[in-house]
Amino acid sequence: MSTKTPQAIRGTQDIFGADAEAFAFVVETFERVRRLYRFRRVEMPVFEKTEVFARSLGETTDVVSKEMYSFDDRGGESLTLRPEFTAGIARAFLTNGWQQYAPLKVATHGPLFRYERPQKGRYRQFHQIDAEVIGAGEPQADVELLAMADQLLKELGIHDVTLHLNTLGDGASREAWRAALIDYFRAVKDQLSEESQERLEKNPLRILDSKDPRDKAFLADAPKIDAFLSQEARGFFAAVTSGLDAAGVKWVRAGSLVRGLDYYRHTAFEFIPDEGGVSAAALGSQSTVLAGGRYDGLMESLGGASTPAVGWAAGIERLAMLVDAREEAALEFAVVVEGDSEQLHAAGVRTAMMARSEGVTAEVFAAGSPRKRFDKAVKSGAKVIMAYSEDADGNLQPPRMKGDEADIERIGQALREFAVKLGA
RNA sequence: GCGAUCAUAGCUCAGUUGGUUAGAGCGCCGGUUUGUGGUACCGGAGGUCGCGGGUUCGAACCCCGUUGAUCGCCCCA
């Protein structure tokens with residue numbers, strides 16, 4: 001037998017106690033809110049053929065080549081642990097004939113995998129909640145999706161984050177803007193940071209959210225998307241913003257907010273902690289809490305018919321960091337077994353079972369030295385402690401109860417009710 | 001992929017300029033005490049000082065490597 005304990009995989013986490021409660025609270029709240037908006041629950045495979053992600057993401061160099069968990073299965077097929085939900089849902093939409101349900105509103109949550117360097121709020125196996133509207137090309141879909149996100153955050157008790165909103169326009173608007181940005185930055189190329197000089201070639205839009213002061217000097221005067229929007233794109237964005245205003249969703253315009261992938265159109269958004277707030281401090285540099293956009297170009301890249309769609313995802317771990325501490329279930333009823341005979345243990349187990357059947361949290365204390373059992377029961381914070389003991393002849397004594405009188409009465413009542421049901 | 005900081009008991013951490021058997025608190029186990037069994041006290045188990053090399057008479061401490069953690073950069077679907 002090896003004496004070395006295997007270590008957990010880098011970037012994975014074992015979530016326990018208060019953190020696990022916060023995690024569950026995020027998921028439970030999401031499940032409740034998505035029902036209010038009638039998003040239908042879907043469960044997706046954790047892995048797909050590599051091409052599902054490779055084709056939907058495009059050959060986005062780093063992401064596809066270096067940051068996915070890809071492997072060959074025993075049949076020699078390249079598979080990939082899902083790094084996101086959207087591509088798999090799009091695949092399912094096409095292969096299962098879900099077009100018949102369009103416009104389809106779906107929601108899911110679960111683990112995702114990305115081979116990245118772990119840091120605060122960033123893991124190799126992490127978890128997201130996700131919502132998508134597929135087959136709806138109208139701005140009202142964007143509005144509803146964002147209203148749901150806004151309500152979710154509020155119901156989680158997260159109030160110091162704000163919706164940052166931008167439009168990338170339609171395909172033509174986007175290309176024209178991109179070309180103008182390249183022209184603009186190329187003229188000052190040698191004054192940009194090394195990173196941005198590289199970005200100029202492969203991802204010029206990203207220069208806009210550079211943190212480097214050398215780049216920031218040029219950002220204010222960089223071309224704005226608004227100058228390149230078609231009439232139609234302008235109208236679409238106006239409909240989104242007025243819809244948000246009508247829904248009471250606060251937002252700010254973020255002209256430099258962009259998406260890396262080509263299939264994004266029109267609306268792009270992120271919920272970001274307000275500067276100087278507690279949420280911003282809690283998250284460190286991984287600040288975006290919920291992000292998404294309209295991806296009208298995605299279905300075609302997977303070989304499907306052109307289908308408009310919009311969606312968002314949010315990291316559960318990050319949301320959990322912003323949620324107030326959640327209490328684990330408090331103990332109401334402690335049953336102490338003062339001895340080790342079979343009838344004593346049986347009495348303890350039975351009594352606890354009766355209480356739990358009536359919805360009372362209960363726990364049996366029957367291990368360790370007899371004296372310590374009562375100590376533990378007292379320290380557990382139980383509202384009522386019941387003790388079973390035997391006399392010198394081994395006769396089971398009537399249980400003694402300690403605690404606030406009202407609590408004793410309430411739990412005693414629950415036990416009697418269970419006994420009545422059993423008799424009936 | 002790059003950088004910085006860190007790694008000592010189950011947990012949180014001490015450990016002085018390198019110098020005998022590596023400590024504390026909490027937790028765990030056992031016991032004593034206490035007139036309302038949450039107190040106090042006594043004792044016990046538990047550590048190859050992340051791992052591997054090196055320097056030295058001698059390394060938890062210095063050097064190199066490695067693994068991991070944390071926080072940034074890059075990336076962010």
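In what follows, chains carry the letters A, B, and so on, assigned in the order in which the sequence lines appear, proteins first and then strands, with residues in each chain numbered from 1.
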List the atom pairs, with distances to 0.1 Å, where a side-chain N or O of residues 7-18 of chain A and a protein N or O form a donor-acceptor pair under 3.5 Å, not counting sequence neighbours.
residue	atom	partner	partner atom	Å
A:Thr12	OG1	A:Ile9	O	2.6
A:Gln13	NE2	A:Glu317	OE2	2.7

- With A:Arg214 as reference, evaluate A:Glu194, A:Gln191, A:Glu195 under the side chain to side chain donor-acceptor pair (under 3.5 Å) test and give the passing residue. A:Glu194
- Whole angstrom is fine here: how far is it from CZ in A:Arg199 over to P in B:G1? 19 Å
- Task: Ignoring backbone atoms, establish whether A:Ser56 has a side-chain N or O less than 4.0 Å from OP1 or OP2 of B:A77.
- Result: no
- Determine which bases of RNA chain B form Watson-Crick or G-U wobble pairs with both distances under 3.5 Å, and write the result as a 5' to 3' dot-bracket string with | for other-strand partners. (((((((..((((.....[...)))).(((((.......))))).....(((((..]....))))))))))))....
- Message: So, does A:Lys376 get its side chain near the phosphate of B:C29, meaning an N or O under 4.0 Å from OP1 or OP2?
- Response: yes
- With rounding to whole Å, what would you report as the distance between B:G27 and B:G65 at their C1' atoms? 37 Å
- Query: How far does the P atom of B:A22 sit from the matching atom of B:U48, given to the nearest Å?
  - Reply: 12 Å
Would you tabulate the pairs of protein nitrogen or oxygen atoms and nucleotide nitrogen or oxygen atoms of nucleotides 66-70 of chain B closer than 3.5 angstrom?
residue	atom	partner	partner atom	Å
B:A69	OP1	A:Gly11	N	3.2
B:A69	OP2	A:Arg10	NE	2.7

- How long is the line joining CZ of A:Arg206 and P of B:C73, in whole Å? 14 Å
- Base-contact (B) and sugar-phosphate-only (S) positions in nucleotides 35-46 of chain B, heavy-atom cut-off under 4.0 Å, - elsewhere: -SBBB-------
- Query: Rounded to whole angstroms, how far apart are CG on A:Asp212 and C1' on B:G72?
  - Reply: 14 Å
- Query: OH of A:Tyr69 versus P of B:A77: gap in Å, rounded?
  - Reply: 19 Å
- Flag this pair as yes if the NZ/CZ of A:Arg124 is under 6.0 angstrom from the six-membered ring centre of A:Tyr115 and inside a 45 degree cone about the axis; otherwise no. yes
- Message: Within the supplied structure, the quantity of interest is the number of heavy atoms (other residues, nucleotides, ligands) at a distance under 6.0 Å from A:Gln397 CD; does it exceed 12?
- Response: yes
- Item | 5'-most by nearest nucleotide on RNA chain B - A:Glu270 or A:Ser285 | A:Ser285
- Query: What distance, rounded to whole Å, do you find between the two P atoms, one in B:C49 and one in B:A60?
  - Reply: 7 Å
- Quick one: is A:Asn203 getting a side-chain N or O under 4.0 Å of the B:C76 phosphate, OP1 or OP2? yes
- Gap between atom CG of A:Leu163 and atom CZ of A:Phe269 - 0.5 Å precision: 7.5 Å
- Below 6.0 angstrom between ring centroids: does that apply to A:Phe23 and A:His127? yes
- Write down the distance between CZ (A:Arg214) and C1' (B:C73), rounded to a whole number of angstrom. 12 Å
- How far, in whole Å, is B:C76 from B:U16 if one measures between their C1' atoms? 47 Å
- Item | Within-4.5 Å side-chain heavy-atom neighbours: A:Leu112 and A:Gln125 | no
- Task: Send over the distance from A:Asp215 CG to B:C73 P, rounded to a whole Å.
- Result: 14 Å
- Determine the interatomic distance between P on B:U5 and the same-named atom on B:U21; round to the nearest Å. 33 Å
- Item | Spacing of the C1' atoms in B:A40 and B:U34 (rounded, Å) | 8 Å
- Output all residues satisfying salt bridge (Lys or Arg N to Asp or Glu O under 4.0 Å) with A:Lys189, sequence neighbours left out; order by chain, then residue number. A:Glu201
- For the pair made of CG in A:Leu205 and C1' in B:C75, what is the distance, rounded to whole Å? 15 Å
- Please determine if A:Arg318 forms a cation-pi arrangement with A:Phe126, meaning its NZ or CZ atom is less than 6.0 Å from the six-membered ring centre and no more than 45° off the ring axis. no
- Rounded to whole angstrom, note down the C1' distance from B:C42 over to B:U33. 10 Å
- RNA chain B: A:Val258 or A:Glu195, which has the more 5' nearest nucleotide? A:Glu195
- Query: Going by an N to O cut-off under 4.0 Å, is there a salt bridge joining A:Arg400 and A:Glu338?
  - Reply: yes
- Under 4.0 angstrom, heavy atoms only, what part of the nucleic acid is A:Lys202 near: base, sugar-phosphate, or nothing? nothing
- If you look at every strand shown and take non-hydrogen atoms under 4.0 Å, does A:Tyr295 touch a base, only sugar-phosphate, or nothing? nothing
- Roughly how far apart, to the nearest Å, are B:U67 and B:C29 at atom P? 39 Å
- Take the protein atom CZ of A:Arg259 and the nucleotide atom P of B:C75, then report the distance between them rounded to whole Å. 14 Å
- Is the shortest side-chain N/O distance from A:Lys66 to OP1 or OP2 of B:C75 below 4.0 Å? no
- Message: Could you check whether A:Lys49 pairs with A:Asp73 (Lys NZ or Arg NE/NH1/NH2 to Asp/Glu carboxylate O, under 4.0 Å)?
- Response: no
- With sequence neighbours left out, what residues match A:Asp274 under salt bridge (Lys or Arg N to Asp or Glu O under 4.0 Å)? none
- From NE2 (A:His109) to CG (A:Asp130), nearest 0.5 Å: 11.0 Å
